[in-house]
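Fair warning: this is a prediction, and the values are worked out from it, not measured in the lab. Residue numbers start from 1 in every chain, and the chains themselves are labelled A, B, ... in the order their sequence lines are given, proteins ahead of strands.
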Amino acid sequence: MDQASQAASQANVSSANVETIDVDAVNKKEERSLYKARVKIYPKRAKGVFRKLKWLVMAATLAVYYLAPWIRWDRGPNAPDQAILIDFPARRFYFFFIEIWPEEVYYLTGLLIIAALGLFLVTSLAGRVWCGYTCPQTVWTDLFIWVERLVEGDRSARIRLDKAPLSVNKIARKTTKHVLWILIGMATGGAWIFYFADAPTLLVDLFTFQAPIVAYSTVAILAGCTYVFGGMMREQVCTYMCPWPRIQGALVDEESLIVSYKDDRGEQRAPFRKNMDWDTRGDCIDCNQCVAVCPMGIDIRDGQQLECIHCALCIDACDEVMTRINRPLNLISYDTYVNHERRAAGQPEQKPRIFRARTVIYAALIAIVGLIMLAALITRSTLDINILHDRNPLFVKLSDGGIRNGYTIKILNKQHEIRRFEIAIEGLENALISVVGQEGTSGLTVPADRLAQFRVFVSVPAANAPDGREDFNFVVTDLADGNRAINDTVFRGPEQ
Amino acid sequence: MAHNVEKDDVTGIETTGHEWDGIKELNNPLPRWWLWTFYACIIWAVGYWVVYPTWPLISSHTKGMIGYSSRQDVVDKIAEAKAAQAQYLDRIEVASLADIRADTELLNFSLAGGKSAFAVNCSQCHGQGAQGFVGYPNLNDDDWIWGGTPEEISATIHYGIRSAHDDTRYSVMPAFGKDGLLERQQINQVVEYVLKISGQEHDEATASEGQTVFAEQCSSCHGDTGQGLHDLGAPRLSDAIWLYGGDRQALRETVTNARFGVMPDWTNRLDEATIKQLAIYVHSLGGGE
Ligand code: SF4
Ligand code: SF4
C-alpha cells in the first residue's frame, strides 16, 4: 500500500466505512509446514537421441546383470566352470581368468579405487553420467516407468486414471502393473543369487524348493527393495537417501559438460504465436515439455539443482519442440558454465576442454592403479608359504647340546592340480631339517587348490647355535616345475 | 502440563516446555511409521512372552509354548559335538598307537584332541608349551628318562612315575651324602667326573678319581659311560639335558640328597582314547627320542 491509499484507508476507518481488501496471508499458519508430503510425478515419454541412448544403456546393463552368471569358463576338472562366481563356502572369488583367495582382497580394493576414480573422471567431464544413465536406481526406475506406461498409458492417461473413481478397468490396470513390477523385482533378486553358486544347479534347486533358505530370503529382500525403490520411492532415493549427489556436486567444475538451459537464449519466454518476431523475445515458448518429461519433477529452467540426475530427457523434449517451431536446437543441452558466462558477457563460446588438470590427474591415477593391479595379477604366484615359528618353547636344547626350533609351515597351492614340494633352508650353517611324519624333505604333497600344513624341525649343533637369534630363509620348491617360494624367518637360541 | 500450553511463534506448534539456553523443544507428533513400528514391537513382545520363556516366577520362570531353553540348547550342542567326535574316538579307542599314527585322519584328530587334553591336565606342571621347569621335564627335547616312543610315553601317562598306582614306574636314587654312603670328598670327585662326561668344564685330576667312585656307586643304574637306563628311569648323564640342573652346585645337591620326582597316574582319571591322543601329541612335540 502506498502512503496515499494508506491515508485513504485511515480516512475510511475514521469515517467508519471499512473496506475489505482482497489479500491472502502467504505465511499463514497452515502453510508454514516443515514437512511436505511427496507429490507424485508422472514423467511423460521423451523421444530423441538421449532417450535412445538410455534405452541402449539400459539394455546393456540389464543384460550384463542378468546374463553374467550364466557365462561358463573352463578352469579344468578341479574348479567351478562359472565365469563370475563368489564362492563363500570355499572362500574363492572367480572372475574369468582371475581367481582370488581371501588374503588377496586387495585386488578388490584396487578395483574399487579404479571404480571410484572412474566416476570422478566421468563426472568432471560430463556431470552425473553415472546417475543419469547407469545407476541401478535409474535403470530400474526407467524400466518400472516403461512398464507403467505400457499398462496405464502416458502421462495424461496416468493422471486421468489416478483421478478416476474405482472401476474394474482401474483395478485391472493397477493390479497388472504391480504384478509386473513384483515379477521384475523377483527376477532381479533371483539373478543376484546366481553370482554365489553354480547358476544352472541353483536355478533347478530354486524351482524344486531344494535351495537353501538364505537363497529364498535374499530373493525376497531384493525383490522387495526393487519393487519399493523402483515403483514407489523413485526420485526420493536420489534426493534423500543417496550420498552420491552431494559428492558429485564437488566433482563438477565450470568446464564440466552438464545439462543446462540457455537462459540467455530462452528468455524472455513467452507463449508461441504465429508470425511473431523472434528478435524481441526468447526462444522458450513456455510449453513446459521439459518439465513434463523430467523424472525428478524439476524445471531445468530454474538452473542447476541438486535433484537433477542429468538424464538429458529434457534435452530431447526441448529439441523436439524446437524442431517443430523451426528454431535452432540445443536450447537445453550439455553445456559448460564457462560458456554460460561467456555468452552473458557477449563473448563467443569456446570448445569444452577435455584435457584439464583435473581430468588428466584422474586418468593418470586410474592408469597407475590399473598398472599396479595388472602387474600384481601377472606376477601372482600360484605358490605361497606362511611360516609360524614356535613361541612356546622358543627353542629346545637337545641332548647333544644342539638347539632345535620348531616351525609350522603352511603351503598354499593355488593351482588346480596336486603338487609336490621340497623344503630347504638357506642362511643357517650346519642346520639339519626334518619334517614331522615324513621321510626326508622332498615329499611334501599339497592337494589341488588347497593349503597344507607341515611341522618342521630345524636343528643346529651347539657350536653353530646363534646368540639369541639369527635370520634365515625357508625355500619351498615345486618338484615338477621348479617354482620357488622363499620366506624369511628366525632361528632362536639361548643368549650367550 | 495441559493448563500451561505454550505455542511456538514461528510454527504454531506446542512446545514440550523443555528449554535449553533459550532453545525450546517442539512437541511434534511422532512420525506415523515410527509409531507403527513401536506398536508392532509391543505386539511382538506379547507374542514372545507366550512362545518363549520370559517372566521370572518365585522358584522358576514361565516356560513358553515351544519349551525352548538355552541350557538345553547348550546340552544339545555339546551332545552334537560329542556325536561328531564319536566316529573318531571309537576308532582311536581300539586302534594301536602305530595304526593311529599311520592314519592321517586319526593322527590329526589325536594331535588336536591331545593338545587340548594336555592344556587341561598336563600343562600345570609341564608348561603350556610342554617346555617343562626344573624338576618337570621338557617334553619337546630328545631326552626321555623313561623312554620316548609313543608306547613308552603312553605307559608313563597311564601309570605315572612314583605314583600310587601298582604298576607305576618306580626307582629311587640313594641320597649318597645324607645317608652317609659317600664322603664329601668322594661326592666332589664323582661330581667332577659327571661334569667331565657331560662335556663341561672340570678338574681333570679330581674327575679321574671320581671315575672309580662312579664305577662302584653309579654305573649300575646310569651305565658305564653314564648313558642312562630307561628301565630304571636312570637319566643319561652324558648329555646336555638336566632335569634338576647340570652345574657343579646342582649336581652336588643331587648326589647328596637325591631326587624323587612324582607324576600322577592317569588311568583312572582319563579314558583310553584321551590317553592315546595325549601320547601321540606329546610324542609329536619333539618327535620322541
Ligand atoms: S532436469 Fe532434465 S536432466 Fe535433470 S533430471 Fe530432469 S529431465 Fe533429467
Ligand atoms: S521444452 Fe523448451 S521450449 Fe518448452 S518450456 Fe522447456 S525450455 Fe521452453
If you count heavy atoms of other groups shown closer than 6.0 angstrom to [atom1] of [X], is the number above 12?
| X | atom1 | result |
| --- | --- | --- |
| A/E439 | CD | no |
| B/R32 | CZ | no |
| B/W20 | CH2 | yes |
| A/E429 | CD | no |
| A/R91 | CZ | no |
| A/I213 | CD1 | no |
| B/K115 | NZ | no |
| A/Y216 | OH | yes |

Subject >> Contacts of residues 117-129 of chain B with chain A (heavy atom under 4.5 Å) >> reply: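 The residues closer than 4.5 Å to chain A, in numerical order, are B/Q128, B/G129.
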Subject >> Test side chain to side chain contact (heavy atoms under 4.5 Å, CB included) applied to B/I43 - qualifying residues, sequence neighbours left out >> reply: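 Not a single residue meets the side chain to side chain contact (heavy atoms under 4.5 Å, CB included) criterion with B/I43.
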Name the region of [X], side chain, backbone, both or neither, that has any atom closer than 4.5 Å to a heavy atom of chain A.
| X | result |
| --- | --- |
| B/N140 | both |
| B/L285 | backbone |
| B/S198 | neither |

Original post:
How many angstroms lie between CG in B/D141 and CG in A/L398, if you round to the nearest 0.5 Å?
Top reply: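 It is 7.0 Å, given to the nearest 0.5 Å.
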Original post:
Are there residues of residues 384-397 of chain A that reach to under 4.5 Å of chain B by heavy atoms, and which ones?
Top reply: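 Interface residues of residues 384-397 of chain A: A/N392, A/P393, A/V396, A/K397.
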Subject >> For chain B, which residues of residues 399-407 of chain A have heavy atoms nearer than 4.5 angstrom >> reply: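 Those residues of residues 399-407 of chain A which have a heavy atom under 4.5 Å from chain B are A/S399, A/D400, A/G401, A/R404.
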